[in-house]
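The structure appears below as structure tokens.
Just so you know, ligand 1 is whichever comes first in the structure, and atom 1 is the first atom listed for that ligand. If you're wondering where the values come from, they're calculated on a predicted model, not measured in any experiment.
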Amino acid sequence: MPRRFGQHFLSSKSILDRIAEAACGERAPLVIEIGPGKGALTESLLARAGRVVAIEVDPYLVHYLQQKFREPIDQQHLTLIEGDVLKTDLAAWGPAIIAGNLPYYITSPILEKILALGENWTRAVFLVQAEVAARLVSPAGSRAFGFLSVQAQLFAHIEVLFPVMRGAFRPPPKVDSAVIRLTPRDAAAELKIADRAAFLRFASIAFRQKRKTLRNNLAPVYGKDRIDAIPEASRRAEQLTLAELAALYRVLGQAR
Ligand code: SAM
């Protein structure tokens, strides 16, 4: 039976505690949890955070959580939001730690949203597909390095903390997972990229067809003559470091 909303629930208390500890440290003032499900991670977060705001899209689970956490909700230790995280203003509560065992069908848009939070996130700890974790941390030159890696590495320092095998979930997903921690970082300033959105548009064009050369991907946008004149034209975007991509962007300018 297909699962609604990517629902795979974690049952191992020790894994849940390790995720909460990676998110909160000893103690944290405010944590936003994405997709609390039946509240397994929420419990570990509540033990370590002054306040937890949990956003759940499934009304059945929201109802379940309202019953389960009546006391912390009454005491405003827990705020339950029924809604789609992608449509929720995550800056509404001020700078926060973000945590969650993510619904895998929307991992990329969630990451994009967090990375765009600017001053309003202090750390993020997520359970994601192992393959996504590998892409996020992969260095330039490796096959896993792609647009997602560029996007994430521009705005965050990323660590893979520990693997979580599929058997730790009920029902088990088809893939293994890993816990990652993201810490805000402004690589754009270091790389002298003034307009981050324009740079990301350029990078998305450079990676449009990952196995093709920069010439193939960039010529339709910047013109063949300009691209033939750059020394990197016959390389692939995945072979360039973030610094080299930024340098190329500065030479070519914004995509029209
Ligand atoms: N945190 C729980 C756990 O670890 O057992 C559940 C994790 S489960 C992988 C993902 C959760 O995200 C589900 O409860 C699902 O209903 C919820 N979810 C899916 N799409 C969502 C969305 N767009 N906004 C908020 N929550 C969503």
Side-chain angles (χ1 to χ4, degrees), residues 1-24 28 30-49 51-69 72-73 77-93 96-117 121 123-133 136 161-182:
M1 192 181 82
R3 306 297 306 172
R4 286 177 82 212
F5 303 125
Q7 289 169 350
H8 298 277
F9 302 110
L10 256 182
S11 48
S12 156
K13 172 101 172 82
S14 69
I15 294 175
L16 292 159
D17 282 345
R18 282 176 78 188
I19 296 174
E21 209 175 292
C24 305
L30 171 67
V31 180
I32 297 176
E33 186 189 359
I34 298 174
K38 293 182 183 165
L41 179 60
T42 318
E43 255 175 34
S44 297
L45 292 172
L46 282 168
R48 291 170 179 80
R51 185 178 177 203
V52 177
V53 175
I55 304 162
E56 174 57 60
V57 76
D58 185 336
Y60 293 98
L61 290 173
V62 172
H63 180 73
Y64 175 91
L65 292 166
Q66 276 162 347
Q67 307 302 313
K68 176 170 178 171
F69 291 114
I73 290 172
H77 189 186
L78 174 65
T79 305
L80 210 53
I81 308 281
E82 180 178 338
D84 179 347
V85 64
L86 298 178
K87 295 186 184 144
T88 305
D89 175 15
L90 297 180
W93 299 277
I97 292 169
I98 326 270
N101 167 11
L102 294 188
Y104 291 173
Y105 73 108
I106 46 170
T107 302
S108 293
I110 291 175
L111 289 174
E112 230 168 82
K113 191 171 169 109
I114 304 303
L115 295 167
L117 274 176
W121 69 299
R123 186 185 306 146
V125 174
F126 292 137
L127 192 52
V128 297
Q129 279 169 256
E131 180 246 325
V132 172
L136 287 167
L161 299 183
F162 56 91
V164 179
M165 297 301 125
R166 61 195 82 183
F169 299 84
R170 295 286 173 274
K174 290 200 177 71
V175 292
D176 290 326
S177 301
V179 175
I180 56 168
R181 178 165 52 203
L182 296 90

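Every residue meeting the side chain to side chain contact (heavy atoms under 4.5 Å, CB included) condition with A91, not counting sequence neighbours, appears here in chain and number order: D89, L117, N120. With sequence neighbours left out, S12 forms a side chain to side chain contact (heavy atoms under 4.5 Å, CB included) with S14, I15.
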What are the polar N/O contacts of ligand 1 with the protein below 3.5 Å, with distances?
| unit_1 | atom_1 | unit_2 | atom_2 | d |
| --- | --- | --- | --- | --- |
| ligand 1 | 1 (N) | G35 | O | 2.9 |
| ligand 1 | 1 (N) | P36 | O | 3.4 |
| ligand 1 | 4 (O) | N101 | ND2 | 2.7 |
| ligand 1 | 5 (O) | L10 | N | 2.9 |
| ligand 1 | 14 (O) | G37 | N | 3.3 |
| ligand 1 | 14 (O) | E56 | OE1 | 2.8 |
| ligand 1 | 16 (O) | Q7 | NE2 | 2.8 |
| ligand 1 | 16 (O) | E56 | OE2 | 2.6 |
| ligand 1 | 20 (N) | Y105 | OH | 2.9 |
| ligand 1 | 23 (N) | D84 | OD1 | 2.9 |
| ligand 1 | 24 (N) | V85 | N | 2.9 |
| ligand 1 | 26 (N) | V57 | N | 3.4 |

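Sorted by first then second residue, the salt bridge (Lys or Arg N to Asp or Glu O under 4.0 Å) pairs that include residues 12-21, not counting sequence neighbours, are K13-D17, D17-R48.
The side-chain heavy atoms of F169 and L127, taken from C-beta on, include a pair separated by under 4.5 Å.
The two atoms that bring S11 and R170 nearest to each other are OG-CG, 4.3 Å, heavy atoms only.
Annotation: H63, atom NE2; neighbour count of heavy atoms from other residues, nucleotides and ligands within 6.0 Å does not exceed 12.
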